[in-house]
Number of protein chains: 2
Amino acid sequence: MSKTDSLDAPPPEGLMLPVPGVDYGLLDGLLGYALRRAQNALYLDFYRTTAAWDVSPQRFAALVLIARNPGLRQGLLGQAMGLHRSGALRLTDWLTAQGWAERRDAPGDARAWGLYLTPAGRRRLARLEAAVAEHDRALVAALGDQGAALKAGLERLAWVATARSTDPHNKPRRQKP
Amino acid sequence: MSKTDSLDAPPPEGLMLPVPGVDYGLLDGLLGYALRRAQNALYLDFYRTTAAWDVSPQRFAALVLIARNPGLRQGLLGQAMGLHRSGALRLTDWLTAQGWAERRDAPGDARAWGLYLTPAGRRRLARLEAAVAEHDRALVAALGDQGAALKAGLERLAWVATARSTDPHNKPRRQKP
DNA sequence: TATTGTTATACTCTATAACTATA
DNA sequence: TATAGTTATAGAGTATAACAATA
């Protein structure tokens, strides 16, 4: 899997292992840092599990969204994924170039595309989804009782942080640096 | 804060809000996707809270590490953060160019640098750390009882996923796409 | 010979801005 | 005028590879 031909997924970052002898200070106590460490580890694990498909977590999400919502508009895909229009375009370009998906005219609006998986994309995604689901189940199983609570906590955290970011009362604090 | 002069922190991604009418399929059930949503929201919230300092979460982590480990080697900083040497170099270049930190000769090894905060960097970091800690406390408080469990679950998840990635028995599965 | 850091280069991801076509 | 998508460009972040100096 060379960097120059078919490796379109971002290269995995190195593991953020705690280095003995290094004092992490505040970081060890922060929820945000724990989240970053977990995401780093999970990203590498996802990457390893899905190596045969060369699909990043983000591209995987896009594939699932298109599969479950045939005819999805490019812009709506970007919105669901927190991307700018131009980002959704690049993402769609890649998916179509790789033969996963295709653009068709959207009925009722000549400006827009409807996105669909190709037959080959559907077949490949079925196996990829199974691998990802199995990977997730193994993780949750390894967490035991904590698994369900963790997922619920993450969803709550996303909600809480979103509320903080969206609440007009919470303007950026212009404290003096 | 314009994009072209002093905005060195990465631009915030848009919010990954659930789009009504879109079916997320598998994604809604995945721990990994919940993690991604939470990190997205938390990133934006961090960005807003620390807007006055123009320091990304990663650069903040580097500053704390240097502050708590005066004389830290550049390479060790990169190792702690999961970065390649060249990445640690760029990071250090930025920190020194912005006046946060400085390189000094490392005692006992003429090849290496020891990293130190500047006096101004120490002063600025004290306020920045206070803002970040307060931000984190507010989040945890909003989570109530779930807060502590969430942090413990994330640490466990990082450990479990790391073990999966590093276990030589868990080779990348070369399934057929 | 291995390690520390540097230089040069390339690639991914994402954004902004200006543009076209359609609504 | 507003929206869907495109094109062109820029910037952050990270990687690889070849290199110098030192261990």
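First the proteins, then the strands, lettered A, B, ... as listed; each starts at 1.
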Between the CZ atom in B:Arg37 and the CG atom in B:Leu30, the distance rounded to the nearest 0.5 Å is 10.5 Å
For A:Trp53, does the six-membered ring have the charged nitrogen or CZ of A:Arg124 within the cation-pi criterion, i.e. under 6.0 angstrom from the centroid and within 45° of the normal? no
Take the protein atom [atom1] of [X] and the nucleotide atom [atom2] of [N], then report the distance between them rounded to whole Å.
X	N	atom1	atom2	value
B:Asn40	C:dT14	CG	C1'	13 Å
B:Gln98	D:dA12	CD	C1'	13 Å
B:Leu89	C:dT6	CG	C1'	6 Å
A:Leu91	C:dT12	CG	P	14 Å
A:Arg85	D:dA8	CZ	P	16 Å
A:Arg90	D:dA10	CZ	P	14 Å
A:Leu77	C:dT14	CG	C1'	15 Å
B:Gln58	D:dG11	CD	P	20 Å

When all nucleic acid strands are considered with a 4.0 Å heavy-atom cut-off, which category describes A:Gly75: base, sugar-phosphate, or nothing? sugar-phosphate
Parallel, tilted or perpendicular: which one describes the rings of B:Phe46 and B:His135, with boundaries at 30° and 60°? perpendicular
Looking at side-chain heavy atoms only, is the closest gap between B:Asn69 and A:Asp23 below 4.5 Å? yes
Counting side-chain heavy atoms from CB outward, which of [options] is closest to [X]?
X	options	value
A:His84	D:dT6, C:dT16, D:dA18	C:dT16
A:Leu83	D:dG13, D:dA4, C:dT14	C:dT14
A:Trp113	D:dT6, C:dA15, D:dA18	D:dT6

Can you name the closest pair of heavy atoms from A:Arg156 and B:Ala142 and give their distance? NH2-O, 2.9 Å
For C:dT16, does the base pair up with any side-chain atom of A:Ser86 as donor and acceptor (N or O, under 3.5 Å, distance only)? yes
Inspect the contact between B:Arg103 and B:Asp93 and indicate whether a charged nitrogen and a carboxylate oxygen are less than 4.0 angstrom apart. yes
Are A:Glu102 and A:Arg104 within salt-bridge range, i.e. N to O under 4.0 Å? yes
Contact check, residues 103-112 of chain B vs DNA chain D, heavy-atom distance under 4.0 Å, returns B:Asp109, B:Ala110, B:Arg111
